Amino acid sequence: MGKKIDNESTNTGENWAKWLWRLFSSAKLAIALILIIAVLSVVGIFTSVDLFSSWYFVAFGILLMLNILICNINRWKGIQKNLKGSQIKQSENFFEGQDKVTEIKDFHYAPSIVLEAVTSALQKRGYRLRSENEADNTYIAADKNRFFILGTYLSHLSIILLVLAYIIGSTLGFHESAFIVTEGETKEVGYDTGLSLNLISFTDSYYEDGMPSDYRSNVVLYKNGEKVAQSDIYVNRPLSYEGVRFYQSFFGPAAAMEVTKDGNVEFSGTVAFYSSFDSYGYYRNIGFIDIDESKLSLAIITPSFNTPDPMIPEGQLAVLAYKDGEELGVHILEKITPLEIDEVKLTYLSDSQYSGFQVKSDPANALVWVACSLFIIGLAMVFYFPHSQVWLLIKKTSPVNSRLFVRIMAFKAFNNTTALKELVSEIENKLNEDNNNKIEVHNG
Amino acid sequence: MDNLETVSLVLSIAGVILSIVFFLIAFIGKRKRYLNREAMESKNSIPIKSGFDIAANITVVITILLITTAIVSRAIETGHGPFSNMYEFALAFSWGIIIAGFIFHLRYKTGSILNISLIIAMLLLIFARVQYSPPNNLIPALQQSTLLSVHVASAVVAYGTLTIGFVAAVLYLFQNKYKSNWLPELEVLDNITYKSVIIGFPFLTLLIILGALWADIAWGRYWGWDPKETASLVTWLIYAAYMHTRLLKGWKGVRASVLLIVGFLAIVFTFFGNYIFSGLHSY
């Protein structure tokens, strides 16, 4: 009794698996998913919600990938058949269709002459011919571009490869979107790369209308303290080293500053004013110095680029000091003149700039390029080298008469009717030509 | 150069209008002769080439040369392909549409499709004239001339051919309803829509791929769901759906035409999208 139940449950399990397989190998599902993703994307364009990282968008994406994968596995048998070439011998019924892809013609020529014309017309078009003889019938199956149907695999699998590349990139790689280095500073990249980037100088230039024409960072890259590269990084020209890439992304003002306590230097370096805030309609940039030992935190504030500020005179900075989280008050800081805050002396030495980079390590970078190339190659193969098949039957109706049956099936894209007409008329022309020549020869 | 460019553009608008008029006159003439012959003898309708047909073809070629002149002189002036603003795009796309229309016309002898394409191209050229802007300075992200020129070149091929597909699809729906003997047969129209996608779709794919590869070099990311990126993906998905419905489900005729029209609307939306939303693609 128990055994029987087991059997049933495995059966239903199998049925489920079959049902799922059938579902995911259906073209209808593929088309539905494509359209659903298209509609969701349109919604995504018009809504501020980040729809593209929502679970349902991702879920539909995954379903489509599964769908593509299973459809392509399922198609293999058919494609294999096409690669081998179809059955040569076809019945006469096969050539009698209403769908304008078949034609039957009688000729006052012997089958061998018709065969010759057929062969030359097809070969001229680049077809591969295979034939079989049986009594009074000659069967021919011709095809061309059969290997180009494999392009469909290149295109579809390249989509899977792209998704794979994305997964590899986001799990094994890293992406730091705001890696800020001030002039003169050397900053560690982290992520176990052993790399650090030193910004030697930053330059920006502008067109007359104020649009940036160029901004670039002159940097030196160190690996475990050893210099490994020096170059200019600018937009469209990232620096690449061992799979880690540095992109010029943004830039801004900075100030060289020094903090001393009892004559000892507690901090000496450049402060980047990389975040900005709006204070009663005035935009200001802000950067921080933390003196851990004194539990002191200094917020350095500068007016935003090119806008006069009523609180902070031009060429000066505001300092908001905190000790242990408690505000100590606001000070205005002039260049060179040291300012005493709590137990420390703060000096604003000079103006400087910082450069903002994106740092990216994408182990799948090459894979993306490969997948993209395969995608295009695949499409070109299928679309521009269409697989096409022709079946023919030459039937001997009398020693000097024959009947030609033709059926054509080009890649569904192309107009079979036209192709058929062209082929048949070429065969006819060939026959007439050869015949006329022969008559001429006989006459001569 | 600046002058030559503007003069060529204005003349090309005149050229397009003239071509449209010539085609219409030739078309009406053909129709008349066809009706006369039908009344007189049989309805054997061999289209007779009139002088206006030839004149129209000549003006189309001249128009193409004029737009080419405008594009080339602009490129000499800016030192890069037409990729930096809407004026340059519009110029390039109108060129693509007329060339595609002309090639399909030579291949399929379908004056009506060329004629409607000419109207679309005319609108684009007028748009270009209105939108004219002197060469603008390239922001750093756009200083990648090779990749972007190829990117826009594929857009020209893709959008040009797919516009022809759209025109044929519209005519198909019209023809399907009214069975006009002025217009090409349904089968021919259906074939043209398909051919246009066969040529256009791979270039549409190339267009998006090149865009993504460039985005990675310029911004450090392949894809960021920027509205223009997303719109181009939607366009691509619609044409992908078209391919699959046709190849796997045998969709032809009306349903296929409707999909193509939706696809073309997506192209228009992608093209003019930067007026609607602001993204990185504000150019």
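Protein chains get the first letters and strands the later ones, always in sequence-line order, with residue 1 at the start of each. Only a predicted model underlies this, so the values are computations on that prediction, with no experimental measurement involved.
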Picking from [options], which has the most non-hydrogen pairs under 4.5 angstrom with chain B?
{"options": "Val235(A), Asn236(A), Val39(A)", "result": "Asn236(A)"}
{"options": "Ala27(A), Ser249(A), Pro212(A)", "result": "Pro212(A)"}
{"options": "Tyr234(A), Tyr166(A), Phe246(A), Trp369(A)", "result": "Trp369(A)"}

- request: Pull out the residues in residues 70-78 of chain A that come under 4.5 Å of chain B, heavy atom to heavy atom, sorted by number.
  value: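 Interface residues of residues 70-78 of chain A: none, nothing closer than 4.5 Å to chain B.
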
query: Do Tyr222(B) and Asp362(A) have side-chain atoms, one donor and one acceptor, less than 3.5 Å apart?
result: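 There is no such pair (donor and acceptor under 3.5 Å, judged by atom type) between the side chains of Tyr222(B) and Asp362(A).
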
message: Within the supplied structure, the quantity of interest is the number of heavy atoms (other residues, nucleotides, ligands) at a distance under 6.0 Å from Gln131(B) CD; does it exceed 12?
response: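 Yes, CD of Gln131(B) has more than 12 neighbouring heavy atoms, counting only those of other groups under 6.0 Å.
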
query: Are the side chain of Asp214(A) and the backbone of Pro140(B) linked by a donor-acceptor contact shorter than 3.5 Å?
result: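 No: the side chain of Asp214(A) does not pair with the backbone of Pro140(B).
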
message: Is it the case that the side chain of Tyr207(A) and the backbone of Leu138(B) share a donor-acceptor pair, with hydrogens and angles ignored and the cut-off at 3.5 Å?
response: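 Side chain of Tyr207(A) to backbone of Leu138(B), a donor-acceptor pair under 3.5 Å: yes, one is there.
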
Counting only heavy atoms closer than 4.5 Å, note whether [X] contacts chain B via side chain, backbone, both or neither.
{"X": "Ser41(A)", "result": "both"}
{"X": "Val368(A)", "result": "side chain"}
{"X": "Ile37(A)", "result": "both"}
{"X": "Ile31(A)", "result": "side chain"}

task: Pick whichever of Leu213(B), Leu206(B), Thr205(B) has the most heavy-atom pairs under 4.5 Å with chain A.
output: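 Highest number of heavy-atom pairs under 4.5 Å: Leu213(B).
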
- prompt: Side chain, backbone, both or neither: which part of Trp223(B) has an atom under 4.5 Å from a heavy atom of chain A?
  reply: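 Nothing of Trp223(B), per the 4.5 Å heavy-atom cut-off to chain A.
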
field: Interatomic distance, Ile209(B) atom CD1 to Ser158(A) atom OG [nearest 0.5 angstrom]
entry: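 It comes to 7.0 Å.
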
query: CG of Leu210(B) to CD1 of Ile376(A): how many Å apart, nearest 0.5 Å?
result: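 Interatomic distance, Leu210(B) CG to Ile376(A) CD1, rounded to 0.5 Å: 7.5 Å.
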
message: If you compare all heavy atoms of Val234(B) against all heavy atoms of Ala38(A), which two are closest, and at what distance to 0.1 Å?
response: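 Residues Val234(B) and Ala38(A), closest heavy atoms: CG2-O, 3.7 Å.
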
task: Anything under 30° is parallel, anything over 60° is perpendicular, the rest tilted; go ahead and classify Phe46(A) against Phe269(B).
output: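 Phe46(A) and Phe269(B): tilted rings.
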
Tell me, do [X] and [Y] make a side-chain contact under 4.5 Å, heavy atoms counted?
{"X": "Asp216(B)", "Y": "Asn365(A)", "answer": "yes"}
{"X": "Phe383(A)", "Y": "Met243(B)", "answer": "yes"}
{"X": "Leu237(B)", "Y": "Leu35(A)", "answer": "no"}
{"X": "Pro202(B)", "Y": "Tyr384(A)", "answer": "yes"}

query: Between Phe57(A) and Trp225(B), does the ring centre distance come in under 6.0 Å?
result: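 Between Phe57(A) and Trp225(B), the centre distance is under 6.0 Å.
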
